[in-house]
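Below: the structure, in structure tokens.
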Amino acid sequence: MTEHPRPSDSSAPGVPASRYDPLYVAFVAYFNRERDYFECHEVMEQLWLEEARDPLYQGLLQVAVGLYHHRNGNIDGGVKLLAAAVRKLEGHPPVTLGIRLDKLLADAKSHLAGLERHAEEPFPFRDLDIDIVDPALSEAVDAFVPGEEEEAHR
């Protein structure tokens, strides 16, 4: 298994890209570039299982699945998954795993609030972005080729 920053690691700039698990890199690329929240789920679930079901990874996974449900018209599913994600992502450092987790958390809360009011005021789907602060992670995400995460992960 490829070494990657632990959830408590702030992943300051300069951390070698090889420190990020290829599945994590794939998750960020599918989330930001491809907007493929189903694939986000696939790769992050595998990493989550490998990492002893770490709640941080599960929270990231649930943000993607919440967006997937909303995009497909499943408002209740979106509310359920985003609410669970918020609970799991709260309390982590603002910058975690090379990303602005605080911004993603704030965006997930805002999206959740919109979905919770959806019956009274329809809330159109919108993509969220993961702000990458570690240049090494950004470089790895830029170099990511969809479908190659399994090969790189071995």
Side-chain angles (χ1 to χ4, degrees), residues 2-51 54-74 77-90 92-115 123-153:
T2 303
E3 181 185 6
H4 64 279
R6 301 302 312 146
S8 59
D9 184 337
S10 66
S11 302
V15 174
S18 62
R19 298 251 349 249
Y20 292 102
D21 189 294
L23 292 172
Y24 177 68
V25 171
F27 170 81
V28 176
Y30 282 124
F31 197 100
N32 278 0
R33 274 199 348 232
E34 308 299 318
R35 305 298 188 188
D36 189 335
Y37 302 116
F38 181 81
E39 280 303 314
C40 284
H41 166 267
E42 293 293 304
V43 297
M44 185 54 83
E45 184 174 57
Q46 185 177 344
L47 183 58
W48 174 66
L49 291 171
E50 290 177 7
E51 294 300 327
D54 188 308
L56 173 60
Y57 291 123
Q58 187 178 27
L60 292 171
L61 168 93
Q62 289 172 326
V63 170
V65 176
L67 293 174
Y68 176 80
H69 283 312
H70 183 196
R71 181 188 287 163
N72 290 306
N74 179 355
V79 167
K80 179 181 174 185
L81 270 293
L82 286 171
V86 164
R87 287 191 300 273
K88 288 181 180 76
L89 296 179
E90 288 180 322
H92 291 281
V95 174
T96 301
L97 291 172
I99 65 171
R100 289 266 327 270
L101 188 64
D102 60 341
K103 182 177 181 312
L104 181 61
L105 178 59
D107 290 347
K109 286 179 178 180
S110 175
H111 203 96
L112 173 61
L115 285 181
F123 181 69
F125 176 80
R126 62 182 163 91
D127 292 306
L128 299 182
D129 291 309
I130 295 175
D131 285 353
I132 302 170
V133 297
D134 183 347
L137 178 57
S138 184
E139 183 179 312
V141 168
D142 288 346
F144 172 75
V145 176
E148 292 186 358
E149 60 274 5
E150 286 301 317
E151 191 62 35
H153 185 70

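Numbers for residues simply follow the sequence, beginning at 1. Please read all numbers here as calculations on a predicted model, not as lab measurements.
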Would you check if the side chain of Asn72 reaches a backbone N or O of Asn74 as a donor-acceptor pair within less than 3.5 Å?
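The answer is no, because no donor-acceptor pair under 3.5 Å joins these two groups.
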
Just by distance, do the side chain of Arg35 and the backbone of Leu128 share a donor-acceptor pair under 3.5 Å?
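Side chain of Arg35 to backbone of Leu128, a donor-acceptor pair under 3.5 Å: yes, one is there.
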
Please evaluate residues Leu60 and Leu104 with respect to the criterion side-chain contact (heavy atoms from CB on, under 4.5 Å), reporting the C-alpha separation (whole Å), side-chain torsions for both, the decisive distance (0.1 Å), and the verdict.
CA-CA 9 Å; Leu60 292 171; Leu104 181 61; 3.6 Å; yes

Quick check for you: to the nearest 0.5 Å, what is the distance between [X] atom [atom1] and [Y] atom [atom2]?
X	Y	atom1	atom2	value
Asp134	Glu139	CG	CD	10.0 Å
Leu49	Gln58	CG	CD	9.5 Å
Phe27	Leu47	CZ	CG	10.0 Å
Asp129	Phe31	CG	CZ	7.5 Å
Leu105	Thr96	CG	OG1	10.5 Å
His70	Leu67	NE2	CG	8.5 Å

Given the rule in the side-chain contact (heavy atoms from CB on, under 4.5 Å) test, do Ile130 and Val63 qualify, once you have shown the distances and angles that lead to the verdict?
CA-CA 11 Å; Ile130 295 175; Val63 170; over 6 Å; no

Taking the side chain as every heavy atom from C-beta outward, state whether [X] and [Y] have any atom pair closer than 4.5 Å.
X	Y	result
Arg87	Gln62	no
Glu34	Pro146	yes
Val28	Leu97	no

Work out which heavy atom in [X] is nearest to a heavy atom in [Y]; give both atom names and the distance.
X	Y	value
Leu137	Ile99	CD2-CG2, 3.8 Å
Cys40	Leu61	O-CD1, 4.5 Å
His92	Leu89	CD2-O, 3.3 Å
Leu23	Val43	O-CG2, 3.8 Å
Arg126	Ser110	NH2-OG, 3.4 Å
Leu82	Gly66	CG-CA, 4.1 Å

Students often mix this up, so state it plainly: with edges at 30° and 60°, are the rings of Tyr24 and Tyr20 parallel, tilted or perpendicular?
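The rings of Tyr24 and Tyr20 lie parallel, inter-plane angle below 30°.
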
Start with the C-alpha gap between Leu112 and Val79, add the side-chain angles, then the distance that decides, and say whether side-chain contact (heavy atoms from CB on, under 4.5 Å) holds.
CA-CA 6 Å; Leu112 173 61; Val79 167; 4.0 Å; yes

Do the side chains of Arg33 and Asp142 get close enough for a salt bridge, i.e. N-O under 4.0 angstrom?
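No, Arg33 and Asp142 are not salt-bridged.
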
I need the single residue from Tyr37, Tyr68, Phe144 that forms a ring pair (Phe, Tyr, Trp, His ring centres under 6.0 Å) with Tyr30. Which is it?
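The single option meeting the ring pair (Phe, Tyr, Trp, His ring centres under 6.0 Å) with Tyr30 is Phe144.
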
Ring centres under 6.0 angstrom apart (Phe123, His111):
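Yes, the ring of Phe123 comes within the 6.0 Å limit of the ring of His111, centre to centre.
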
